[in-house]
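Below is one structure; the comments refer to it alone.
As the structure lists them, so they are numbered: ligands from 1, and atoms in each ligand from 1. The first residue in the sequence is number 1, and the count goes up from there.
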Amino acid sequence: MTSVVIVGTQWGDEGKGKIVDSLSDKADVIVRFQGGHNAGHTLVIDGQTIKLSLLPSGIVRENKLTIIGNGVVLDPQALSSEIEYLSKIGIKVTPKNLKIAENTTIILPLHKDLDLAREERAGKAKIGTTGRGIGPAYEDKVARRSIKLNDLCNLENIKDKIELILDHHNILRHAYKLDLLSVDDVYQYLQEIKKDIIPFVANTWRILKDMRQNNKKILFEGAQGLLLDVDFGTYPYVTSSNTLPGQASIGTGVGPKFLDQIIGITKAYTTRVGSGPFPTELFDESGEKLGRIGNEFGTVTGRERRCGWFDAVLVRQTAQISGIDMIALTKLDVLDSFEKINICVGYELDGKEIDYLPLSEPLQNKIIPIYEEHDGWLTDTSGINEFNELPLKALEYIKRIEEIISTPISIISTSPNREDIIFLEGIFN
Ligand code: IMP
């Protein structure tokens with residue numbers, strides 16, 4: 001196997017950062033292919049917590065190349081602050097260990113303004129975005145008016161491009177009662193950010209092609225989760241990119257037949273930030289307990305995450321849609337003190353049992369989860385490194401999940417620490 005794609009199988013925050021960090025030890029290059037600085041990846045290394053939102057998690061390892069692919073929308077200010085944050089803790093980001101695709105779309109301050117203004121006006125219908133301009137930046141990309149990194153390297157036609165983007169945004173800014181922007185405002189901004197970013201800009205699809213030809217190991221790092229996919233997620237309460245593993249190909253320029261293995265990261269229960277349907281959400285003491293023990297607060301926004309039981313129907317569906325080969329199960333230890341643990345095994349819709357999540361929002365709001373109750377193991381599992389040392393009831397829980405989702409669980413993470421991980425199958429072998 002020379003390439004592995006990692007994606008979250010729920011609504012994000014499944015603990016991808018730690019798994020990517022662990023696998024990046026074996027990889028030569030770690031590549032992000034969608035999303036932006038809306039992602040939150042937490043790594044705990046030698047007791048030190050590192051929070052990343054834009055840079056590939058592999059950046060924390062020495063001698064690894066990292067790439068931000070063209071599928072990402074990039075906020076240059078967020079990039080600079082993340083680089084500065086890392087440099088303060090002794091991690092150097094240079095054009096040697098970070099390359100950014102020249103055809104990457106830039107997030108401008110006007111995208112953030114629009115994201116926030118819309119959410120404020122939306123009232124009850126708000127998506128609960130991270131407010132970082134991600135959606136508006138993707139909109140401009142598909143509307144063919146965005147400014148890309150290669151435009152910064154060649155400022156020749158930039159004023160025409162700025163005019164085009166402002167034609168659209170000033171209409172919206174007027175409607176949302178935001179100050180109108182001049183071509184010069186945006187031009188000045190681009191001039192300011194240009195010098196810090198240009199050194200990182202590269203033709204990354206060619207770098208990846210060469211690496212592939214030399215049998216180098218490529219790790220594709222997904223952000224968010226499959227239920228936030230703009231096509232197959234709980235639309236419209238989704239992010240604005242495709243989070244499915246196929247995007248690893250489009251968002252980097254590596255052909256789909258070179259994606260060898262797909263690993264889905266799955267939390268042992270379910271969480272969600274922001275609005276939208278969540279069939280197994282708990283509003284009782286158990287939900288509060290999951291949040292408290294699991295420290296379920298958004299990495300990017302600090303918002304409290306909504307918590308619920310493990311929904312096997314959802315994970316089976318996302319695994320099927322995205323062709324997941326194996327699951328990495330995370331945060332099992334959060335369930336250690338629960339006497340009873342539920343797994344959602346089906347839904348009731350209008351009095352009938354169904355085994356999938358309908359794609360229509362009104363139906364999603366109507367479904368009632370059908371649970372299977374399991375006895376908890378009431379034993380501390382945190383830090384266990386051997387599969388056979390897990391308590392029997394925890395092993396039964398894992399086996400049952402595996403059975404329902406019809407996908408092997410081959411990696412188990414038992415704490416936030418880098419070393420607390422069980423591999424049942426070799427990766428990158
Ligand atoms: P946006 O990506 O900022 O447009 O937000 C759209 C939806 O995706 C909101 O519900 C966010 O809370 C959610 N979201 C975006 N990024 C993440 C993430 O990394 N983890 C979990 N939820 C996310």
Side-chain angles (χ1 to χ4, degrees), residues 6-20 32-43 51-57 71-75 78 82 105 107-122 124-142 221-244 247 251 264-267 269-278 281 291 294-308 314 318 330-331 361 364:
I6 301 234
V7 287
T9 61
Q10 294 153 314
W11 279 287
D13 311 311
E14 296 92 351
K16 287 182 291 296
K18 168 175 168 176
I19 307 294
V20 172
R32 272 207 51 187
F33 55 88
Q34 48 73 225
H37 63 310
N38 51 347
H41 294 160
T42 305
L43 316 173
K51 289 179 191 269
L52 298 173
S53 30
L54 179 58
L55 291 165
S57 301
V72 169
V73 284
L74 184 124
D75 181 330
E82 207 159 293
T105 299
I107 301 180
L108 296 168
L110 52 78
H111 292 124
K112 184 176 172 179
D113 293 344
L114 183 58
D115 197 355
L116 294 173
R118 272 191 189 145
E119 284 285 275
E120 199 183 308
R121 194 184 156 112
K124 263 198 190 152
K126 77 175 180 184
I127 306 289
T129 71
T130 56
R132 303 203 154 186
I134 307 293
Y138 275 114
E139 285 168 35
D140 282 347
K141 171 179 171 174
V142 294
E221 173 177 4
Q224 290 87 43
L226 298 176
L227 287 161
L228 289 171
D229 182 272
V230 68
D231 283 288
F232 282 99
T234 44
Y235 191 89
Y237 300 99
V238 292
T239 192
S240 299
S241 61
N242 283 108
T243 56
L244 289 174
Q247 176 64 22
I265 316 297
T266 302
K267 207 181 269 192
Y269 48 99
T270 314
T271 61
R272 166 160 214 177
V273 220
S275 326
F278 181 172
E281 182 168 12
N295 192 24
E296 296 296 352
F297 296 92
T299 310
V300 169
T301 57
R303 286 180 290 177
E304 215 171 292
R305 296 180 185 141
R306 300 155 65 192
C307 297
L314 284 189
T318 56
T330 62
K331 296 189 109 169
E361 190 201 341
Q364 287 171 358

Is there a nitrogen or oxygen of [X] sitting under 3.5 Å from a nitrogen or oxygen of ligand 1?
{"X": "R272", "answer": "no"}
{"X": "R132", "answer": "no"}
{"X": "S240", "answer": "no"}
{"X": "S275", "answer": "no"}
{"X": "T129", "answer": "no"}
{"X": "V273", "answer": "yes"}

Against heavy atoms of [X], which atoms of ligand 1 measure under 4.0 Å?
{"X": "G40", "result": "19 (O)"}
{"X": "D13", "result": "20 (N), 21 (C)"}
{"X": "W11", "result": "21 (C), 22 (N)"}
{"X": "G274", "result": "10 (O)"}
{"X": "I127", "result": "10 (O)"}

Closer than 4.0 angstrom: is that true for some heavy atom of [X] and an atom of ligand 1?
{"X": "Q224", "result": "yes"}
{"X": "H41", "result": "no"}
{"X": "D115", "result": "no"}
{"X": "A39", "result": "yes"}
{"X": "G128", "result": "yes"}

Heavy-atom proximity to atom 14 (N) of ligand 1, best of N38, V73, L228:
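That would be L228.
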Nearest protein heavy atom with distance in Å, relative to [atom]:
{"atom": "atom 3 (O) of ligand 1", "result": "T130 OG1, 2.6 Å"}
{"atom": "atom 6 (C) of ligand 1", "result": "V238 O, 3.3 Å"}
{"atom": "atom 12 (O) of ligand 1", "result": "R303 NH2, 3.0 Å"}
{"atom": "atom 2 (O) of ligand 1", "result": "T239 OG1, 2.6 Å"}

Checking R305 against D13 for the salt bridge (charged side-chain N to carboxylate O under 4.0 Å, His left out) test, could you report, in this order, the C-alpha distance in whole Å, the side-chain angles of both residues, the deciding distance, and whether it holds?
CA-CA 9 Å; R305 296 180 185 141; D13 311 311; 3.3 Å; yes
Ignoring hydrogens and geometry beyond distance, is a side-chain donor-acceptor pair present between T9 and T318 at under 3.5 Å?
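T318 and T9 do not have a side-chain donor-acceptor pair below 3.5 Å.
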Looking only at side chains, do S53 and E82 share a donor and an acceptor under 3.5 Å apart?
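Yes.
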Could you tell me whether the side chain of [X] and the main chain of [Y] form a donor-acceptor pair under 3.5 Å?
{"X": "E139", "Y": "A137", "result": "no"}
{"X": "Y138", "Y": "G35", "result": "yes"}
{"X": "N38", "Y": "T130", "result": "no"}
{"X": "R272", "Y": "P277", "result": "yes"}

Residue from [options] passing side chain to side chain donor-acceptor pair (under 3.5 Å) with [X]:
{"X": "E296", "options": "R306, R303, K267", "result": "K267"}
{"X": "W11", "options": "T239, T234, T243, T271", "result": "T234"}
{"X": "E221", "options": "R32, Q34, K16, H41", "result": "H41"}

How about L54 and L74: do any of their side-chain heavy atoms sit closer than 4.5 Å?
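Side chain of L54 against side chain of L74, heavy atoms only: contact under 4.5 Å found.
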Is any side-chain heavy atom of Y237 closer than 4.5 Å to one of Q364?
no
One residue to check: Y237. Relative to ligand 1, which of side chain, backbone, both or neither has a non-hydrogen atom less than 4.0 Å away?
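Under 4.0 Å from ligand 1, Y237 contributes no heavy atoms.
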Could you tell me whether E361 atom CD has more than 12 heavy atoms of other residues or ligands within 6.0 Å of it?
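Yes, enclosed.
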